[in-house]
Structure formats: structure tokens, C-alpha cells
**Student:** 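This structure is in C-alpha cells; I'll ask about it shortly.
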Amino acid sequence: MRSNCVAILDIRSAEMTAVVGERSVNGTFIIKSKYTCAYDGFAEGELLDVENFISSVCDVVKSTLSGGSGVKSFYVGVPGEFLKLINVDKVLSFQSAKKINASDCRTLVELSTPTNSEQWKTIRHSCLYYVLSDKRKVIDPIGMVSDSLQGKCCFYQCNTSFMGCLMTAFKRFKEITAVNFIPINCAEAMYLVEPELRDECAVLFDFGYISSTYSVICGNGLLYSESFSVGIGHIAFYLMTELDIPFEVASTFLSTVNLNAKEKLTGTEECIYEGKTYKFSTAQLRDIIREGLDGICETVEECRQSFSGRNIDGKPLLVTGEGIKVVRGTAEHLAGRLVKNVDVISPKVPYYDKPHFSSTLSLLNMALDDAN
């Protein structure tokens, strides 16, 4: 593989995507290859079918290798349900005022690093911010003079069982000599949210298919992150059970309903599936979908209340992920239900400027940074 290319594996809750890409001009990317495979997914921190997961990983990796790109290593995105976030405050004191150097920052991290356990292993760390002896809060303290260095360090630990399943798949390919793990919530926060917003704290909600993640971002890391097994797929399931229709029909109705459209008492939505016609009142479909979204809003609100680190009540909810654009009017419904501004964000890259590409390009961006 060319030295300026990387291979990433983006694992979402219903499909996974392998991409080989490199950085282009103006913050864009050159995608050399892209393979996507649906699989059974995960919920409640568990893979729904381990063998299906391993087989699906093998399928996308095999397709990537067959492309002739010379891939020898992979960067794998770890979903929030298989991550544990640990924040540590630490102070390093010096005998007298001195210029802070990179070694001091490394020492601070080493003193803060949590111990790995049988179930959890640290895969990445960052320092959200540093505080100097004059109480100045900075992102990069190197070269500044202080007689102490305080840092709030963020450590991302991955579930070892999840890592083991991935390594079982990758070990089948002798060409792969290295597998690196990247927390998806961290990658999205650093890529999608502008630094000036992160410095003042930002709230990011990744609205997925089976699983979604709520994160509070600060500086170069996360203060809080919580994943829960609810997504747009559950609303389709809710439609299916309420109307006694096939799941495929329910999924189709999600994309035809507009929550912002004016109510029409006589309006209907129609879907033909396997030769059978399904027809329902538009108002009835909207009511069921809204009820499903309300359940997600309740969980988001529970996450907000669980976070006590800072006052984030006035912060807009930044939303991304494959679930936000399926039903037209979802963002507006979330804003009304949560009583806050909701901004849909996505990569600022031509063709890939859609929320369902957010995790893939965020991983690609972080992998390229790491490789360089």
C-alpha cells in the first residue's frame, strides 16, 4: 500500500465498511476502495451473532485485499457500546518555574494511565486541556512557563472480548501485520466539531441504526460518553409491530413520511411489497413515528441529566449518524421535544457530506493523522 494511504474498518450497528483512502487537498480525501457489508449488529454491549460478525469482517477485509492496494495494516473503529471512558485529573509539580516540554506532557499521561484489566484495555488517550500555575487553561502547554502542570486526561478502553473477535478475523489474513483500534466517538468529535466549539464544550449525538451514542466534548477529548441500544431501526420495528406489517414495509414508510408536512385527514401512504399492497393513513404513520422518536428523546434527556461535569443546558445538540435523515423532519421533532437547538452535522467533503458517512470519514481522518 502506498505510504500515504491507510485502510480503515468502520463498524456500525447494522453494517460495516472498509475503506482505503488518502488525504487530498482542502481537507478532502481520495477514496481508493470502499466495501460495505450488512451483518446482524450488536446491542447492549454484545454482538448479536459472533460468527456472523467474524465472517462479515473477513468478507470486507478479503474484498479490500483483492483490490490490489497492498494493505498491510488496518485501523478499526470501536463503537461506543464496546468502549469505557475514564477521565483523570493529575498535577505535576516542579521545583521552580520552567518551560514545559513534551516530556512533561508524557510524564503527566503516564502518571494518569489507568490499569488494564481482563475485560478492558486502553486503546487511546488524549489530554482535554492543561492548566498552568497562573490558572490559564491551554490546549498545548509546550514552551509555556509554569511551576506546575495540571491536565485532565481522557482514556478510552476497549472491551477485550470485542477485540478478540476482531483479531480472530484478522488472523486469517497473513498479509495483515498490524491492527490499530480507534474509538469512534473520539474520532467523530475531533473531526466533525470545530475546535472553538470543543473548547467551550459541545454535545454530539450519533443517531445510529440499532445503537446510538451521546457524548460531551471538551478540548481534545470527551468528558462523557454513553451508548444505548436504540436507533432508527427500532422505530421501524415499532411500526412493524403496531401495524402488523413486514419490517421491509415499515422501513419503506419511514422514508416516505414527512413529519413537517401539514396534516391531511385524507392523506395516505402506500407501499407494494412481494405483490401485496400496504396502505395506511399518513397521520397514523406520523403519530407512531413521533412516539418512537419521543422514546429516543427521553434517553437523550437521561444522558444529559447523568452528566454533571458542566452546565450544558444551553448547548445545541449536534446530531449525526445514519438515523437522522431517514425520516424527514426528525431534527425539528427532536428540537421541539428536547426544547433545544438541534444542528445536523456531517463531513464537509463533496459527495460524502451526509450524516451516514460521518463515522467513516472521521475514522479515515484520525487514521491518516496517526499514520503521519
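Just so you know, residue 1 is the first one in the sequence shown, and it goes up from there. These values consider heavy atoms only, across backbone and side chains, with no hydrogens, waters or symmetry-generated copies. Being a predicted model, the structure only gives us computed values, none of them experimental.
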**Student:** Is the backbone of V20 close enough, under 3.5 Å, to the side chain of K34 for a donor and an acceptor to pair up by distance?
**Tutor:**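 No.
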
**Student:** Can K99 and D104 be counted as an ion pair, charged N to O under 4.0 angstrom?
**Tutor:**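 Salt bridge between K99 and D104, a charged N being under 4.0 Å from a carboxylate O: no.
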
**Student:** What about the rings of Y214 and F205, do their centers lie closer together than 6.0 Å?
**Tutor:**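 Between Y214 and F205, the centre distance exceeds or equals 6.0 Å.
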
**Student:** Assess whether a salt bridge exists between D343 and K315, defined as any Lys/Arg side-chain N lying under 4.0 Å from an Asp/Glu carboxylate O.
**Tutor:**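 Looking at D343 and K315, the cut-off is not met.
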
**Student:** Output all residues satisfying ring pair (Phe, Tyr, Trp, His ring centres under 6.0 Å) with F82, sequence neighbours left out; order by chain, then residue number.
**Tutor:**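 Only F42, F162 meet the ring pair (Phe, Tyr, Trp, His ring centres under 6.0 Å) criterion with F82.
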
**Student:** For V88 versus S112, what's the shortest heavy-atom pair and its separation?
**Tutor:**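 Between these two residues, the closest heavy atoms are CG2-O, 3.6 Å.
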
**Student:** So Y209 and F247, would you call those rings parallel, tilted or perpendicular, with 30° and 60° as cut-offs?
**Tutor:**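 Perpendicular.
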
**Student:** Please check: side-chain N/O of T282 versus main-chain N/O of T268, any donor-acceptor pairing under 3.5 Å?
**Tutor:**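 It does hold such a pair.
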
**Student:** Looking at E226 and R304, is any side-chain nitrogen of the basic one under 4.0 Å from a carboxylate oxygen of the acidic one?
**Tutor:**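 The answer is no: the pair does not qualify as a salt bridge.
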
**Student:** When you check the gap from the basic side-chain N to the acidic O, do E22 and K32 get nearer than 4.0 Å?
**Tutor:**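 Yes, E22 and K32 are salt-bridged.
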
**Student:** Quick one: list whatever passes side-chain hydrogen bond (donor to acceptor under 3.5 Å, both in side chains) with N116, sequence neighbours left out.
**Tutor:**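 Only T122 meet the side-chain hydrogen bond (donor to acceptor under 3.5 Å, both in side chains) criterion with N116.
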
**Student:** For the pair R328 (side chain) and L259 (backbone), establish whether a donor and an acceptor sit closer than 3.5 Å, ignoring hydrogens and angles.
**Tutor:**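 Not a single qualifying donor-acceptor pair exists.
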
**Student:** Can we say R337 and E301 salt-bridge, meaning some charged N sits less than 4.0 Å from an Asp/Glu carboxylate O?
**Tutor:**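 The answer is no: the pair does not qualify as a salt bridge.
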
**Student:** Under 4.0 Å between a side-chain nitrogen and a carboxylate oxygen: does that hold for D199 and K137?
**Tutor:**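 Looking at K137 together with D199, the answer is no, because their closest N to O distance does not fall below 4.0 Å.
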
